[in-house]
Amino acid sequence: MTTVAVLDYGMGNLHSVCKALEHVSSKARVILTSDADALLKADKIVVPGQGAIAGCVQALSAQGLGQALMQCLENKPYLGICLGLQALYDSSEEGGGVDCLAVLPGRVRHFSGKMADAGEGVRLKIPHMGWNQVRQTREHPLWHDIPQDARFYFVHSYYADSADNKNVAGLTQYGIEFTSVAARDNIFAVQFHPEKSQRYGLQLLENFIHWNGEA
Amino acid sequence: MGLAKRIIPCLDVDNGRVVKGVRFVEIRDAGDPVEIARRYDEQGADEITFLDITASSDNRDTMVHVVEAIAGQVFIPLTVGGGIRQVEDVRRMLNAGADKVAINTAAIHNPDLIKETADHFGAQCIVIAIDAKCVDDQAGRWQLFTHGGRKETGIDAIEWAVKMAEYGAGEVLLTSMDRDGTRDGFDLALTQQVCDAVPIPVIASGGVGNLDHLVDGILQGHADAVLAASIFHFGEFTVGQAKEHMANAGIEVRL
């Protein structure tokens, strides 16, 4: 039986992520854990997260857990959600600047007021909150049965500015075009919340459960 | 192409049961919040808001169980309001599976509650609920009222919305007490003024009686989302019909 470890590092509501995974995977065992050994033993890793990136990165790089997570990122199917995407980049502008895990090249930026005023005279509200479209920029097993430009639920004020297009699997427009989905080898990470994105969100989670980690 | 405007059905929950008479065909027990939430989800609701109107604080635990049950079956954002007074109340609702928590009266008594909860849980899950009533038709001035619109506070609604956004609220749930329950449509002047004044998304509420009202709230009121109760509850319109109507008016919706 496949074991999916949802990383609990003391931030945000993890109930929904676990419930949604359980909903789509009667055959997988979903565990909520903050234990390094449990991560290393699991077949797949999910890192959700909301709130402040500084606390997130601090928890993710803590002794023991951090090493286990970096090891998992080498080869286990990894699904990052929201901060679980942002934390993978080099750094974030949030809170005056935070160094992140530097797994993917790029920087996490704030939707600035200037950019927000640029779109056809309509001010864009921050946070970017609601259902927006994702343009799939390449084929991936996790896009199985999900149409091009499908809508997912977003809620965030910072976005990933990827420095390497090869690591981008989805783009979304909100004043600017940003990386809403990052992918490389065994890593797939989304800015939106699949656990809150109804059928296509559930489809994506189901695809993750069946994914062998090869892109 | 871009961010869709949201349609949010709202349910009043008293002691774990939906009140105000929700009527769906094929639903045996029309008061069960889980079943009603599932139905709205199937119809394409973008979010669901639950307002706990339970009078007795002894029965507030019931709402936590309701949220848990819904969050296990309905995979769209859930907002819970009513009776949220302290950081601990927010934590309990989020842990139960709510995505956002609406704070109303408690913020009037203690504005720092918005700061504290936004710092702690993130701005994205803190909604400032504002109940406003017109106090000067000519000049277009609205003030905050509490106790279902009976108690005046002397606080200007637009200034309050701006202040709460600065304090860290991630969204405004704006209800016109003059229009609530009338089915005459949103207070569009109020909605537009608040929407244009704050940098965060605004949900318009109070007064929806037909589908054109939803369109007006977006196009004239500049709202990011529209909330309605009775037009959906009595089976008059489905959420799907509302979205189709909005799409025909040129509004981007999730179909």
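Chain letters run A, B, ... following the sequence lines, proteins first and then strands; every chain starts at 1.
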Option that, when pairs with chain A are counted at under 4.5 Å, heavy atom only, ranks first among [options]:
options	answer
B/Arg91, B/His222, B/Gln124, B/Arg254	B/Arg254
B/Ala71, B/Gly72, B/Pro77, B/Ala4	B/Pro77
B/Ala123, B/Pro199, B/Gly122	B/Pro199

Rounded to the nearest 0.5 Å, what separation is found between the [atom1] atom of [X] and the [atom2] atom of [Y]?
X	Y	atom1	atom2	result
B/Thr49	B/Tyr40	OG1	OH	11.5 Å
A/Arg29	A/Thr2	CZ	OG1	10.5 Å
B/Glu88	B/Asn95	CD	CG	8.5 Å

Proximal component of [X], with respect to chain A [non-hydrogen, under 4.5 Å]:
X	value
B/Asp224	side chain
B/Asp41	both
B/Val253	backbone
B/Ile70	neither

Requested in this report: Just give me the residue among A/Arg199, A/Glu22, A/His23 that pairs up with chain B most often, heavy atom to heavy atom, under 4.5 Å.
Outcome: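 Highest number of pairs under 4.5 Å: A/His23.
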
Query raised in the report: Between B/Asp61 and B/Arg92, is there a side-chain N and carboxylate O pair less than 4.0 Å apart?
Result: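 Yes.
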
Requested in this report: On the 0 to 90° scale, with breaks at 30° and 60°, tag the A/Phe154-A/His128 ring pair as parallel, tilted or perpendicular.
Outcome: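 The arrangement is tilted - the two ring planes meet at 30° to 60°.
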
Query raised in the report: Under the 6.0 Å and 45° cation-pi test, does A/Lys196 pair with A/Tyr153?
Result: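 Not satisfied by the 6.0 Å and 45° rule.
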
Query raised in the report: In a check of ring pair (Phe, Tyr, Trp, His ring centres under 6.0 Å) between A/His156 and each of A/Phe178, A/Tyr174, A/Phe192, which one passes?
Result: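 Checked A/Phe178, A/Tyr174, A/Phe192 against A/His156; only one passes ring pair (Phe, Tyr, Trp, His ring centres under 6.0 Å): A/Phe178.
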
Query raised in the report: Where does A/Arg135 contact chain B at under 4.5 Å (heavy atoms): side chain, backbone, both or neither?
Result: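 Neither part.
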
Report task. Check each atom of A/His193 against the heavy atoms of chain B and say whether the ones under 4.5 Å are side chain, backbone, both or neither. Result ->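 Looking at A/His193, nothing touches chain B.
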
